[in-house]
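Just so it is clear, the structure is predicted and the values come from calculations on it, not from any experiment. In this chain, numbering begins with 1 at the start of the sequence shown.
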Amino acid sequence: MGRAGFGHRVEGLHAVAEAVSSSRVRTLYVERGRADRHEVVGLIEDVENAGGVVRTVDDVRTIAETTAPQGVVADCEPIRYSTLERLVEMTVPAAVLVVDRLQDPHNLGAVARSAVAAGVPGLVVSDRRAAPLSAAAFKAAAGALEHLAVAVVGSIADALSRLSGLGLWTVGLEGAGDRSLFGLELLAEPVALVVGGEGRGLSRLVGERVDVRAHIPMSGPVESLNASVAAALAVFELARVRDSQGSRRGDSNP
């Protein structure tokens, strides 16, 4: 992950449409056979009106990074990375999602999509041994990465220490965690939710740094969930707990 920013290349209709809406597209490549489709015509007009360049090609798959670009590929102005301090300031109380050693860019995109849908505005990722914020991640995110502040760090463990210093509780998802994620009242406080990588979960040092290790209650023979599914459950439980706390406050103060 380059420090200058991310999202230089975006592919797929939803991801490209959101990049166009953000006025980031410099060059739009359109498959000739799809150029007259209604949704593509709109993208072409918007890019040209914003001063971008539109090029038609026989098959965008020859220049695409993903396997199913849906007839459109865009080279874009990169999105600048955020800082941990900025992420903490974005909501009151603060809510940040941290991913530790997530390897699959499709999972990373799905995590970003869930975060935005649940109202968590900030994501922390590592630039080491982690999935890149690539065209595949943007396609899986279906535009969500245009609306998410992202901080890239060299060490997730060090980032957790910094977030703690900024007043956040850190809650790591772990199958053997001693607290249930569901109904965890700590989620109403300034918090960073930490999701581990596929198969391995949290790294040892990250597991030692979190304030609380929480598990997702499960029944049946399944031992663990896909990382992106676990992240989705976590951010929506955070939203549910905060909505519940807000409702109770509202009921007591009509």
Side-chain angles (χ1 to χ4, degrees), residues 1-84 86-87 90 96-97 99 102-117 120-128 130-153 228:
M1 296 178 190
R3 293 287 182 175
F6 63 100
H8 303 75
R9 167 61 65 87
V10 178
E11 301 174 5
L13 282 170
H14 292 297
V16 169
E18 288 297 325
V20 170
S21 295
S22 298
S23 301
R24 293 201 305 114
V25 175
R26 293 170 173 169
T27 304
L28 176 66
Y29 298 91
V30 177
E31 201 165 277
R32 189 167 283 107
R34 304 192 188 209
D36 60 350
R37 296 188 180 183
H38 174 72
E39 64 273 17
V40 177
V41 169
L43 294 179
I44 292 172
E45 292 176 349
D46 289 344
V47 169
E48 290 179 336
N49 289 338
V53 175
V54 177
R55 302 188 187 281
T56 55
V57 296
D58 289 332
D59 189 346
V60 295
R61 289 175 296 180
T62 61
I63 60 172
E65 295 177 15
T66 62
T67 57
Q70 299 174 308
V72 288
V73 170
D75 287 330
C76 303
E77 181 74 23
I79 301 170
R80 292 185 177 275
Y81 287 115
S82 187
T83 64
L84 295 181
R86 172 59 183 148
L87 299 190
M90 293 184 73
V96 177
L97 182 60
V99 291
L102 201 62
Q103 300 292 316
D104 187 339
H106 299 92
N107 277 338
L108 182 58
V111 166
R113 191 172 182 178
S114 293
V116 171
V120 175
L123 179 69
V124 180
V125 299
S126 173
D127 61 1
R128 302 173 186 173
L133 287 160
S134 61
F138 268 79
K139 188 170 184 295
L145 281 165
E146 301 289 336
H147 307 284
L148 192 65
V150 178
V152 61
V153 298
S228 63

- NZ/Lys139 to CG/Leu13 distance, rounded to the nearest 0.5 angstrom? 9.0 Å
- Does the side chain of Arg24 reach to within under 4.5 Å of the side chain of Val10, using non-hydrogen atoms? yes
- Query: For the atom pair CD (Glu31) and CZ (Arg37), what is the distance rounded to the nearest 0.5 Å?
  - Reply: 8.5 Å
- Task: To the nearest 0.5 angstrom, please state how far the NE2 atom of His147 sits from the CG atom of Leu145.
- Result: 9.5 Å
- Item | Glu11 (side chain) donor-acceptor with Glu65 (main chain) under 3.5 angstrom | yes
- Task: Show your working on side-chain contact (heavy atoms from CB on, under 4.5 Å) between Val57 and Arg32 and close with a plain yes or no.
- Result: CA-CA 6 Å; Val57 296; Arg32 189 167 283 107; 5.7 Å; no
- Query: Looking at Asn107 and Ser228, what are the two nearest heavy atoms and their distance?
  - Reply: OD1-OG, 3.4 Å
- Query: Could you walk me through whether Val150 and Leu133 pass the side-chain contact (heavy atoms from CB on, under 4.5 Å) check?
  - Reply: CA-CA 10 Å; Val150 178; Leu133 287 160; 3.9 Å; yes
- Task: List the atom of Val60, the atom of Pro69, and the distance in Å for their closest heavy-atom pair.
- Result: CG2-CG, 3.6 Å
- To the nearest 0.5 Å, tell me how far Thr56 OG1 sits from Ile44 CD1. 8.0 Å
- Message: Minimum heavy-atom separation for Ala115 and Leu148, please, with both atom names.
- Response: CB-CD1, 4.2 Å
- Message: Whether the Gln70 and His14 side chains hold a donor-acceptor pair (N or O, under 3.5 Å, no angle test) is what I'd like checked.
- Response: no
- Non-hydrogen side-chain atoms of Val124 and Leu87 separated by less than 4.5 Å: yes
- Task: Can you measure from CG (Leu123) to OG (Ser114) and round to the nearest 0.5 angstrom?
- Result: 11.0 Å
- Item | Closest contact, heavy atoms only, Ala140 versus Ala110 | CB-N, 4.2 Å
- Query: Hey, are the side chains of Val16 and Phe138 touching, using non-hydrogen atoms and a 4.5 Å cut-off?
  - Reply: no
- Task: Assess whether atom CZ of Arg61 is packed by more than 12 heavy atoms of other residues, nucleotides or ligands within 6.0 Å.
- Result: no
- Query: To the nearest 0.5 Å, how far apart are OG1 in Thr66 and CZ in Arg9?
  - Reply: 9.0 Å
- Item | Ala131 to Leu108 - nearest heavy-atom pair and separation | O-CD2, 3.6 Å
- Message: Please enumerate all residues that pass salt bridge (Lys or Arg N to Asp or Glu O under 4.0 Å) together with Arg26, with sequence neighbours excluded.
- Response: Glu77
- Item | Minimum heavy-atom distance between Pro78 and His8, given as atom pair plus value | CB-NE2, 3.5 Å
